[in-house]
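The structure under discussion is supplied below as structure tokens; questions concerning it will follow.
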Number of protein chains: 2
Amino acid sequence: MAYRRSKRIEAKLADNRTQILQAARRLVSEGGWPEAQMAAIAAAANLATGTVYRYFSSKAELFAEVLASVSQREVDVIQGVAESGGPAKQRLADAVVAFTTRALRGRRLAYALIAEPCDPEIDQARLVYRRAIGEKLQRIIADGVTTGEFPAQDPRVAASCVVGAMMEALVGPLAPESIQLKAGSQDFVSEIVRFCLRAVTAPESRPRPDLALRVLKGGRTKPSLKGGKRE
Amino acid sequence: MAYRRSKRIEAKLADNRTQILQAARRLVSEGGWPEAQMAAIAAAANLATGTVYRYFSSKAELFAEVLASVSQREVDVIQGVAESGGPAKQRLADAVVAFTTRALRGRRLAYALIAEPCDPEIDQARLVYRRAIGEKLQRIIADGVTTGEFPAQDPRVAASCVVGAMMEALVGPLAPESIQLKAGSQDFVSEIVRFCLRAVTAPESRPRPDLALRVLKGGRTKPSLKGGKRE
DNA sequence: ACAAATAATGAATCATTATTCAATATTGAA
DNA sequence: TTCAATATTGAATAATGATTCATTATTTGT
């Protein structure tokens, strides 16, 4: 044998890997998915295109890792909030504020992660982001339900709903073409927070939870509503 | 001149157009985006690939129209509900039930429309779907706010949130790999409905709406929460 | 029936990028 | 210094599927 990885090389390899990840992240953050091409990433990391493939077997895998690390950061933030003690309501509010505020701050990246059209393989990987956030919220909600602070509800559904609500509300304001004023963003955030708080913490408004099932029980939900077209 | 479109031909052209739209719709409904390729659509419409381009200038345009018509149908349903009179709360509940129930019924199509990874151009077109639903909900919510039935809130934000909540909650159950039991679907729907109703109709829980702004006012939202990594 | 105009055809082309790989450079033990 | 192993390079390739277009078929007024 005549070659054996030395510490120095090992370090360089690790560094290359990091450079690639950072370059990838930077490019999406700046220009979204169109800029995040393998060749561009390689160049930004001062490597040849082919070299990237010695570290990541595909673009999808590379971005799976980028997304995982971004999610992890968000999760850490929310985790910090979740562990901060105090009433679940407060923690939920803080988590929503933290998430939306951070998204609005890192607009381009958040847009890419949440709403920007992208290739299917990457879209797939994006799910980890939503899921990760959802899981943390679920814990806070489950907490509140257990202590009786929140009304009875399925924390999994509620957490999904909160994630969806936050993200959908952000889509417009995050879009690169929307010239968002920093001014209004506080009101905007607090609007979202209030929505989520009401949704999770309000007691059942009436003791008739089956009221909403009227339509379901009515049979076909697709009755000709206005003599409209058929299927 | 020796040729002028006759009624008969005009009708055939219109029919071809319809066939294409229906074929496109059918293919997504059955197999999702992977099946919805131009060649397959043409074949399903008994036409040659190239012919499709005499009717639609691109795949994106074709699907823009398919999506618009599907959205229109949903909007009609919700519209029917919205016009049904009665308290806004009831109408909102009915709208959410109608939407989620219908989605669960036309699972594959709903999945393609809401969550399935797809090409960027089509993803773009998918927005009309969300937007269309959102606009109708917005009207119901604005109604409720005006009449004082709902607490003060920005109907645009609330509508986005409801759309997001419904759709995100549906993602899991709609996924083709999830073997959803018809049994549980009622509970599931009603869980979503209750979430949305609480969110929109509950009175502000406390007269301190700025409570949730703690984190915002605290300055950096990204304080090293656990001695964590840097940017 | 004929010809000009319009439609339809579908195999070939194009465009886009991720991915590969033969060639080259670097590394470290002997 | 040498050489086998490993790492890098980036131009060439591959794969996918939308789109084109030269050719063929239909249509209708004369």
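Hydrogens, waters and symmetry mates play no part in the numbers below; they use all other heavy atoms, side chains included.
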Report summary line: Here the distance between atom C1' of dA18(D) and atom CD1 of Ile122(B), to the nearest Å, is 11 Å

Requested in this report: Name the nucleic acid region contacted by Asp119(B), choosing base, sugar-phosphate or nothing; use a 4.0 angstrom heavy-atom cut-off, strictly under.
Outcome: nothing

Query raised in the report: Is the shortest side-chain N/O distance from Asn16(B) to OP1 or OP2 of dA7(C) below 4.0 Å?
Result: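 Checking Asn16(B) against dA7(C): no side-chain N or O falls below 4.0 Å of OP1 or OP2.
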
Report task. Provide, to the nearest angstrom, the distance between the CG atom belonging to Asn46(B) and the C1' atom belonging to dA7(C). Result -> 16 Å

Requested in this report: For the pair Arg17(B) and Glu65(B), evaluate salt bridge (charged side-chain N to carboxylate O under 4.0 Å, His left out) and give the outcome as yes or no after the intermediate values.
Outcome: CA-CA 11 Å; Arg17(B) 209 186 135 82; Glu65(B) 196 158 329; 2.5 Å; yes

Report task. Can you label the angle between the Phe63(A) ring and the Trp33(A) ring as parallel, tilted or perpendicular, going by 30° and 60°? Result -> perpendicular

Requested in this report: Rounded to the nearest angstrom, tell me the gap between atom CD in Glu121(B) and atom P in dT16(C).
Outcome: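 Going from Glu121(B) (CD) to dT16(C) (P), I get 12 Å.
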
Query raised in the report: Considering only heavy atoms, which members of residues 48-66 of chain B lie under 4.0 Å from some atom of DNA chain D?
Result: Thr49(B), Gly50(B), Tyr53(B), Ser58(B), Lys59(B)

**Report entry** Side chains of Ser160(B) and Arg156(B), donor plus acceptor under 3.5 Å
**Finding:** no

Query raised in the report: Are Arg126(A) and Asp123(A) close enough for a salt bridge, meaning some N to O gap below 4.0 Å?
Result: yes

Query raised in the report: If you measure only the distance, is there a donor-acceptor pair under 3.5 Å linking the side chains of Ser190(A) and Arg194(A)?
Result: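 Side chains of Ser190(A) and Arg194(A): pair found under 3.5 Å.
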
Query raised in the report: Within this structure, what is the CE-to-P distance between Met38(B) and dA11(C), rounded to whole angstrom?
Result: 17 Å

Would you tabulate the pairs of protein nitrogen or oxygen atoms and nucleotide nitrogen or oxygen atoms of nucleotides 24-28 of chain C closer than 3.5 angstrom?
{"unit_1": "dG28(C)", "atom_1": "OP1", "unit_2": "Ser6(A)", "atom_2": "OG", "d": "2.0"}
{"unit_1": "dG28(C)", "atom_1": "OP2", "unit_2": "Arg8(A)", "atom_2": "NH2", "d": "3.2"}
{"unit_1": "dG28(C)", "atom_1": "N2", "unit_2": "Ala2(A)", "atom_2": "O", "d": "2.9"}
{"unit_1": "dG28(C)", "atom_1": "N3", "unit_2": "Ala2(A)", "atom_2": "O", "d": "2.8"}

Query - Atom-pair distance (CG on Leu47(B); P on dA18(D)), nearest Å - result: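 From Leu47(B) CG to dA18(D) P: 16 Å.
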
Query raised in the report: Are Arg25(A) and Glu30(A) close enough for a salt bridge, meaning some N to O gap below 4.0 Å?
Result: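 Between Glu30(A) and Arg25(A) there is no salt bridge, as every charged N stays at least 4.0 Å from the carboxylate O atoms.
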
Query raised in the report: Does the side chain of Leu21(B) come within less than 4.5 Å of Leu62(B)'s, by heavy atoms?
Result: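 Yes, their side chains come closer than 4.5 Å.
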
Report task. Output yes when Glu116(A) and Arg108(A) qualify as a salt bridge under the 4.0 Å nitrogen-oxygen rule, no when they do not. Result -> yes

Report task. Considering only NZ, NE, NH1 and NH2 on the basic side and carboxylate oxygens on the acidic side, decide whether Arg130(B) and Glu168(A) come within less than 4.0 Å. Result ->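 Answer for the salt bridge query: yes.
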
Query raised in the report: To the nearest Å, how far apart are Asp15(B) CG and dA8(C) P?
Result: 11 Å

Query raised in the report: Between Ser71(A) and Leu67(A), is there a donor-acceptor pair closer than 3.5 Å when you use the side chain of the first and the backbone of the second?
Result: yes

Report summary line: Students should find that the end-to-end axis angle of the helix from dA1(C)-dT30(D) to dA30(C)-dT1(D), with five pairs defining each axis and rounding to 10 degrees, is 10°

Query raised in the report: With a 4.5 Å heavy-atom cut-off, do Leu170(B) and Phe188(B) have their side chains touching?
Result: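 They are in contact (side-chain heavy atoms under 4.5 Å apart), so the answer is yes.
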
